[in-house]
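Take a look at the structure set out below.
The basis for the numbers below is simple: all heavy atoms, side chains too, and nothing from hydrogens, waters or symmetry mates. Numbers restart at 1 for each chain; the letters A, B, ... are given by sequence-line order, proteins then strands.
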Amino acid sequence: MPSEQELIAQRLDKRERLLAQGDAYPARVARTHTTAEAVATYEAFEVERGGPEAAAEAIAALAESSDPFHRLGVTIVGRVTAQRVMGKAAFLDLRDVSGRIQLHFRRDALPDFGNLDLVDLGDFLEVSGTLFRTRTGEVTVSVVSWRVITKAVRPMPDAYHGLTDVETRYRQRYLDLIANERSREIAFQRARIVSAVRRFFLDREFVEVETPVLQEEAGGAAARPFITHHNELNRDLFMRISLELHLKRLLVGGFEKVFEIGRVFRNEGVSFRHNPEFTLLESYEAYADYNDVARMVEELLASVATSVLGTPEVQHGDHVVSLRAPFARITYRDALMQHGGIDYKDYPTTETLAALAQQRHVAFAPGASWATILDALVSEYVEPKLIQPTFLMDYPTALSPLAKKKIDDPDTVERFELFALGFEIANAYSELNDPVDQRERMEEQARKAAAGDEEAEMMDVDFLTALEHGMPPAGGLGIGIDRLVSLITGEHSLREVILFPALRERATTDTIHEDREPTEDGGA
RNA sequence: GGGCCUGUAGCUCAAUUGGCAGAGCAGUGGGCUUUUAACCCAUCGGUUCAGGGUUCGAGUCCCUGCGGGCCCA
């Protein structure tokens with residue numbers, strides 16, 4: 001009978017029996033210690049008493065007095081992750097966010113010992129008791145009183161084998177987090193990385209802002225947007241694909257250092273290296289150029305990795321990636337010459353470049369622009385070679401409609417991308433602030449869009465108006481936070497560093513709708 | 001978009017050339033007062049992803065679809 005439905009029915013029955021005795025879902029608990037604090041408390045007591053044996057003797061000697069263990073008394077809460085029951089005694093493992101502690105229940109000390117029958121793996125308990133160390137050396141709570149504070153009615157994944165089914169790990173991430181230590185680590189590391197990035201910018205007196213997700217034009221990057229609809233305005237809006245154009249408006253408005261960490265949305269493929277929504281950091285600093293930005297990025301990555309990992313070196317399979325400054329720098333053109341033997345200036349037209357790509361068997365979409373084909377060549381020959389962090393400097397103007405041209409070479413812009421492990425990590429420019437040049441380049445993008453290029457950038461007239469009011473020279477930066485987390489944690493797949501990655505639709509997980517109980521409508 | 005792999009109990013995994021769908025954990029009942037992957041005895045549990053086909057007989061072979069993974073673009 002223990003099909004999944006039967007396992008659930010058994011637990012629902014236990015829930016009812018607990019509710020008949022009181023509450024199985026109290027709103028308040030009285031935690032005094034996390035599990036880690038409780039263990040530390042006992043270890044400190046041992047040090048104070050001169051060792052584990054002396055501590056145990058002290059406890060034994062005091063056992064008859066009225067309030068023997070006030071210093072060792074704890075109330076802890078957490079989830080039951082293991083049960084070892086032996087008739088008249090039981091050991092349970094309780095886990096909270098700080099760690100794990102063992103509980104010892106004794107029938108002769110607990111009138112409600114029998115209620116342990118109603119406890120399953122996955123339930124949450126509140127227990128009060130005193131700390132001691134078992135014969136086998138584990139700090140343990142000798143339970144004086146306890147209660148269920150949440151009854152779980154579905155079975156947990158296997159406590160020992162964990163949860164390995166990748167699909168379940170992604171679709172029901174909470175189970176992955178319960179079962180797999182590594183998944184918890186990654187999630188917390190990600191949080192530390194984002195905090196460290198934010199602190200880095202705040203320490204440098206950047207101002208953090210929030211700009212619109214819903215936009216009339218989705219600009220600032222070459223990507224297909226999601227389209228949504230505003231009913232009241234009766235018009236379609238775009239989900240943002242970058243943060244760039246609004247942050248630059250703030251430079252026009254007088255901000256000098258500004259940044260945003262925000263979700264952007266790109267209507268593209270779903271894979272281990274692409275998620276349709278991802279977290280982007282962008283920063284803009286007036287009176288800085290892309291060389292200043294490059295130096296800042298070196299400091300940023302080294303300091304974030306060091307604060308999270310304790311070292312700027314990250315193990316990735318066979319590679320050790322060193323995020324110690326300075327990073328290698330090579331120009332885009334030199335890199336393609338060095339790794340592909342191609343000087344793109346020898347192929348100035350779409351036709352000649354397309355012929356070359358075909359001859360080299362480098363695929364590109366039919367009707368692709370010169371810039372797109374060039375990018376395909378760089379993706380093929382250069383990017384996979386860039387394992388250690390490397391700045392690829394000075395991009396072709398045609399690829400970079402928002403970057404400032406080099407003064408002595410209008411075909412090239414002051415732009416770099418940072419690569420590591422063959423991944424693009426960062427993208428930065430000396431920002432284009434000449435409104436006439438910017439308008440011409442946007443018009444060029446508009447022509448490509450009209451010709452069918454779905455990734456051409458949209459014309460943003462309001463942004464151009466802002467630029468015409470004057471934007472100071474500035475260095476701008478974009479960093480894909482998910483890829484940065486992937487780089488620093490050593491995880492290859494973005495799906496490991498995104499808690500809830502996008503997946504194809506699947507039949508929804510059924511919830512419990514038994515007519516065994518009338519539903520009670522809770523007001524919000 | 002292409003290639004390869006994959007889907008079996010709540011979880012982790014078996015199942016010989018096509019021959020009665022199994023084990024461990026979890027659950028249930030019993031025993032056990034310092035265990036820790038607790039242990040011992042007993043026991044329950046299956047739309048083998050879905051649909052079709054071949055066959056006396058399909059988890060296994062074939063086709064289609066769905067989900068997932070890896071590699072390539």
Give the nucleotide from the list [options] with an atom nearest to the side chain of [X].
X	options	answer
A:His161	B:U35, B:A37, B:A38	B:A37
A:Pro155	B:G10, B:C11, B:U35	B:G10
A:Asp120	B:G24, B:U35, B:G27	B:G27
A:Arg135	B:G67, B:U34, B:A26	B:U34
A:Arg171	B:G68, B:U35, B:G10	B:G68

When you compare [N] with [M], how far apart are their [atom1] atoms, in angstrom units rounded to a whole number?
N	M	atom1	answer
B:U8	B:A50	C1'	15 Å
B:U43	B:A26	C1'	14 Å
B:G2	B:C61	C1'	25 Å
B:G59	B:G22	P	12 Å
B:C20	B:G57	C1'	11 Å
B:C25	B:A14	C1'	15 Å
B:A58	B:U47	C1'	15 Å
B:U54	B:A73	C1'	37 Å

Between [X] and [N], does any side-chain N or O lie under 4.0 Å from OP1 or OP2?
X	N	result
A:Arg504	B:G68	yes
A:Gln10	B:A26	no
A:Thr168	B:G68	no
A:Thr134	B:U35	no

*Closer to the 5' end of RNA chain B via nearest nucleotide, is it A:Thr140 or A:Asp117?*
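Upstream on the strand: A:Asp117.
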
*Residue met sooner reading RNA chain B from 5', once A:Ala502 and A:Arg11 are mapped to nucleotides*: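 First, find each residue's nearest nucleotide; the 5'-ward one identifies A:Arg11.
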
Pairing check on [N]: which nucleotide meets the Watson-Crick or G-U wobble criteria with it, both distances under 3.5 Å?
N	answer
B:C4	B:G69
B:A23	B:U12
B:A42	B:U28
B:U48	none

*So how far is it from A:Tyr174 OH to A:Asp176 CG, rounded to the nearest 0.5 Å?*
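Spacing of OH (A:Tyr174) from CG (A:Asp176) equals 11.5 Å.
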
*Could a donor-acceptor pair under 3.5 angstrom be found where the side chain of A:Glu138 meets the base of B:U34?*
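Donor-acceptor pair under 3.5 Å: no.
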
_Please determine whether the number of non-hydrogen atoms from other residues, nucleotides or ligands lying under 6.0 Å from atom CD of A:Glu53 exceeds 12._
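No, CD of A:Glu53 has 12 or fewer neighbouring heavy atoms, counting only those of other groups under 6.0 Å.
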
_Students often mix this up, so state it plainly: with edges at 30° and 60°, are the rings of A:His104 and A:Phe132 parallel, tilted or perpendicular?_
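Judged by the thresholds at 30° and 60°, the geometry between A:His104 and A:Phe132 is tilted.
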
*Assess whether side chain to side chain donor-acceptor pair (under 3.5 Å) is satisfied between A:Ser98 and A:Thr35, documenting all intermediate values.*
CA-CA 6 Å; A:Ser98 73; A:Thr35 61; 3.0 Å; yes

Gap between atoms [atom1] and [atom2], on [X] and [N] respectively (whole Å):
X	N	atom1	atom2	result
A:Ile59	B:U34	CD1	P	18 Å
A:Leu7	B:A9	CG	C1'	10 Å
A:Ile101	B:U35	CD1	P	18 Å
A:Leu163	B:G68	CG	P	16 Å
A:Leu92	B:A38	CG	C1'	12 Å
A:Arg84	B:A26	CZ	P	11 Å
A:Asp176	B:U12	CG	P	11 Å
A:Glu6	B:A26	CD	C1'	14 Å

*Nearest heavy-atom neighbours spanning A:Ala335 and A:Leu392*: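 Where A:Ala335 meets A:Leu392 most closely, the heavy atoms are CB-CD1, 3.5 Å.
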
Is it true that the side chains of [X] and [Y] contain a donor and an acceptor less than 3.5 Å apart?
X	Y	value
A:Tyr332	A:Glu417	no
A:Thr32	A:Thr75	no
A:Thr168	A:Asp165	yes
A:Arg415	A:Ser400	yes

Show me the protein contacts with nucleotides 30-33 of chain B, counting only N or O atoms at under 3.5 Å.
| residue | atom | partner | partner atom | Å |
| --- | --- | --- | --- | --- |
| B:C32 | N3 | A:Gly87 | N | 3.3 |
| B:C32 | N4 | A:Gly87 | N | 2.9 |
| B:U33 | N3 | A:Asp108 | OD2 | 3.3 |
| B:U33 | O4 | A:Asp108 | OD2 | 3.3 |

*Apply side chain to side chain contact (heavy atoms under 4.5 Å, CB included) to A:Lys151 and A:Tyr25, showing your working.*
CA-CA 7 Å; A:Lys151 179 68 198 169; A:Tyr25 301 92; 3.3 Å; yes

_Heavy-atom side-chain contact between A:Glu457 and A:Lys448 under 4.5 Å_ =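 Side-chain contact under 4.5 Å: no.
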
Could you list, one pair per line, each protein nitrogen or oxygen that sits under 3.5 Å from a nitrogen or oxygen of nucleotides 69-73 of chain B, together with the distance?
| residue | atom | partner | partner atom | Å |
| --- | --- | --- | --- | --- |
| B:G69 | OP1 | A:Arg495 | NH1 | 2.0 |
| B:G69 | OP2 | A:Arg495 | NH1 | 2.8 |

*Please determine if A:Arg483 forms a cation-pi arrangement with A:Phe423, meaning its NZ or CZ atom is less than 6.0 Å from the six-membered ring centre and no more than 45° off the ring axis.*
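No; the conditions do not both hold, so A:Arg483 does not lie above the ring face of A:Phe423.
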
*How is A:Phe132 classified with respect to the nucleic acid when contacts are heavy atoms under 4.0 Å: base, sugar-phosphate, or nothing?*
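Base contact - A:Phe132 has a heavy atom under 4.0 Å of at least one base atom.
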
